[in-house]
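These notes are about the structure you will find just below.
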Amino acid sequence: MLIPFVKMQAQGNDFVILDAFTLPHQFVRKLDLPTFAASICRPKTAVGADGLVLVSPSKTADGQMLIYNSDGSRAELCGSALRCVAWLLMAKKNRSDLSILTDSGIKTALISNSKLVTVNLGRPKILEQNLVVEGFTGDLVYIGNLHFIVWQPDLESDPHLRYGKTLETHSAFPRPVNVHFARLLNESELEIKIWERAAGPTMACGTGAASTVCSALARGATASKLTIIMPGGSVVITPGTQGYLLSGEVGLAFRGEYEWKT
């Protein structure tokens, strides 16, 4: 069976998206999504992506999204995927303001132009500050998923590639975490390099950007909004009492069909 899909990306964080608004309900219900995710997300021998997203109708929001990492495990929330889903739902609902049901609750989105999408990720919370793990001192932040933020004076040595996997699955954490090595460039800009849980090094991470800003504010940063520079591009985080707003462009890479044996 040929399964139609959309490939999208946000600052290089890329996703295969299945549209359950148009796919037969019975097929979607029977589809083994973890196995399908691990298959279609394989680099080089398949489509390749950081994750699989299923977008489906919802009784309580404009749409619902389920996220699977490239290894088939579930992800609670993803800011990059959320923005991509909002962009797709805009055409279906003919509106620029949207609500999307996630495993971390209903999130809102606003599309400012053809590419720029802003989503409210909610308020991150620091669970533990100055936690020492494998010689690294960082902050453990929760924003629907877990992030360990390590501040460094220099990121040229790519510490995420050297230490990301060890930190991701370390016993110091209640469950595997996303790992970010960060440095403050100036009052309004910071840089992060990313090791995502179950995906490894990625070009961007929206919830990671917001979690890093939360950590920066707890350490004395005072800017009303910050630009986060990642390997795949930049996003803007605007903290607020009603949640952290994540703004950045998204892009449609291509549409296709994937051969799958049912």
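We find the CG-NE2 distance between Asn178 and His160 to be 13.0 Å, quoted to the nearest 0.5 Å. Rounding to the nearest 0.5 Å gives a distance of 12.0 Å between CG of Leu131 and CD1 of Ile126. To the nearest 0.5 Å, atom CD1 of residue Ile237 and atom CG of residue Leu121 are 6.5 Å apart. Summarising the geometry, atom CG belonging to Leu185 is positioned 10.0 Å from atom OG1 belonging to Thr227; distances are rounded to the nearest 0.5 Å. A distance of 11.5 Å separates NZ of Lys59 from CD of Gln64, quoted to the nearest 0.5 Å. With rounding to the nearest 0.5 Å, the separation of NZ in Lys92 from CG in Asn94 is 12.5 Å.
Contact check for Leu146 versus Leu127: side-chain heavy atoms found under the 4.5 Å cut-off. At least one side-chain heavy atom of Arg183 sits less than 4.5 Å from a side-chain heavy atom of Leu155. For the pair Cys84 and Ile17, the minimum side-chain heavy-atom distance is below 4.5 Å. A 4.5 Å side-chain heavy-atom check between Leu18 and Leu52 finds at least one atom pair inside the cut-off. Side chains of Leu110 and Ser247 form no contact here, defined as non-hydrogen atoms less than 4.5 Å apart. Residues Phe27 and Ile3 are in side-chain contact: their nearest non-hydrogen atoms beyond the backbone lie under 4.5 Å apart. The closest side-chain heavy-atom distance from Leu167 to Val177 is not below 4.5 Å.
Looking at every heavy atom in both residues, Pro231 comes nearest to Thr202 through CG-O, 4.4 Å. Between Thr207 and Gly79, the shortest heavy-atom distance links the atoms CG2-N, 3.6 Å. Considering all non-hydrogen atoms of both residues, Ser80 and Asn13 come closest at OG-OD1, 3.0 Å. Considering every non-hydrogen atom in both Asn69 and Ala37, the closest pair reads O-CB, 3.9 Å. The minimum heavy-atom distance linking Asp14 with Gly48 is given by the pair OD2-O, 3.8 Å. For Ser188 against Ala223, the heavy-atom pair with the smallest separation is CA-CB, 4.2 Å.
Within the 3.5 Å criterion, the main-chain N or O of Ile100 finds no donor-acceptor partner in the side chain of Asp62. Asp139 places a side-chain N or O within donor-acceptor distance of the main-chain N or O of Asn130, the cut-off being under 3.5 Å. In terms of modelled atom types and a separation under 3.5 Å, the side chain of Gln11 and the main chain of Glu249 share a donor-acceptor contact. Looking only at distances, no side-chain donor or acceptor of Lys93 sits under 3.5 Å from a matching main-chain atom of Leu98. With hydrogens and angles ignored, the 3.5 Å screen pairs a side-chain donor or acceptor of Arg83 with a backbone N or O of Gly248. Between the side chain of Asp50 and the backbone N or O of Phe15 there is no donor-acceptor pair closer than 3.5 Å. Using modelled atom types, no side-chain atom of Arg123 and backbone atom of Pro239 make a donor-acceptor pair closer than 3.5 Å. In terms of modelled atom types and a separation under 3.5 Å, the side chain of Lys165 and the main chain of Trp195 share no donor-acceptor contact.
No more than 12 heavy atoms of other residues, nucleotides or ligands lie within 6.0 Å of CD in Glu259, so this atom counts as exposed by the packing criterion. The environment of Gln242 atom CD is sparse: at most 12 non-hydrogen atoms of other residues, nucleotides or ligands sit within 6.0 angstrom. No more than 12 heavy atoms of other residues, nucleotides or ligands lie within 6.0 Å of CZ in Arg162, so this atom counts as exposed by the packing criterion. In Arg42, the CZ atom is crowded: over 12 heavy atoms of neighbouring residues, nucleotides or ligands sit closer than 6.0 Å.
Neither Met203 nor Val179 shares a network with the other; the hydrophobic side chains, linked directly or stepwise wherever heavy atoms of I, L, V, M, F, W or Y lie under 4.5 Å apart, form separate groups for each. Hydrophobic cluster membership is shared by Leu66 and Val28, with clusters built from Ile, Leu, Val, Met, Phe, Trp and Tyr side chains linked at under 4.5 angstrom. In terms of hydrophobic clustering, with Ile, Leu, Val, Met, Phe, Trp and Tyr side chains grouped at heavy-atom distances under 4.5 Å, Tyr163 and Trp151 are assigned to different clusters. Linking ILVMFWY residues whenever their side-chain heavy atoms come closer than 4.5 Å, directly or via other members, places Leu88 and Met65 in the same cluster. The cluster map of Ile, Leu, Val, Met, Phe, Trp and Tyr, joined by side-chain heavy atoms under 4.5 Å apart, puts Phe21 and Leu54 in different clusters.
There is no side-chain donor-acceptor pair under 3.5 Å between Arg175 and Asn145. Residues His147 and Thr212 bring no donor and acceptor atom of their side chains to less than 3.5 Å of each other.
Two rings, from Tyr68 and Phe36, have their centers 6.0 Å or more apart.
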For Lys107 and Asn120, what are the C-alpha separation, side-chain angles and deciding distance, and is it a side chain to side chain contact (heavy atoms under 4.5 Å, CB included)? CA-CA 6 Å; Lys107 306 299 181 183; Asn120 189 329; 5.9 Å; no
Evaluate side chain to side chain contact (heavy atoms under 4.5 Å, CB included) for Lys193 paired with Glu191, printing each intermediate quantity in order. CA-CA 7 Å; Lys193 290 193 174 179; Glu191 177 188 10; 3.9 Å; yes
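Ion pairing of Arg197 with Glu168 is absent here, as no side-chain N (NZ or NE/NH1/NH2) approaches a carboxylate O to less than 4.0 Å.
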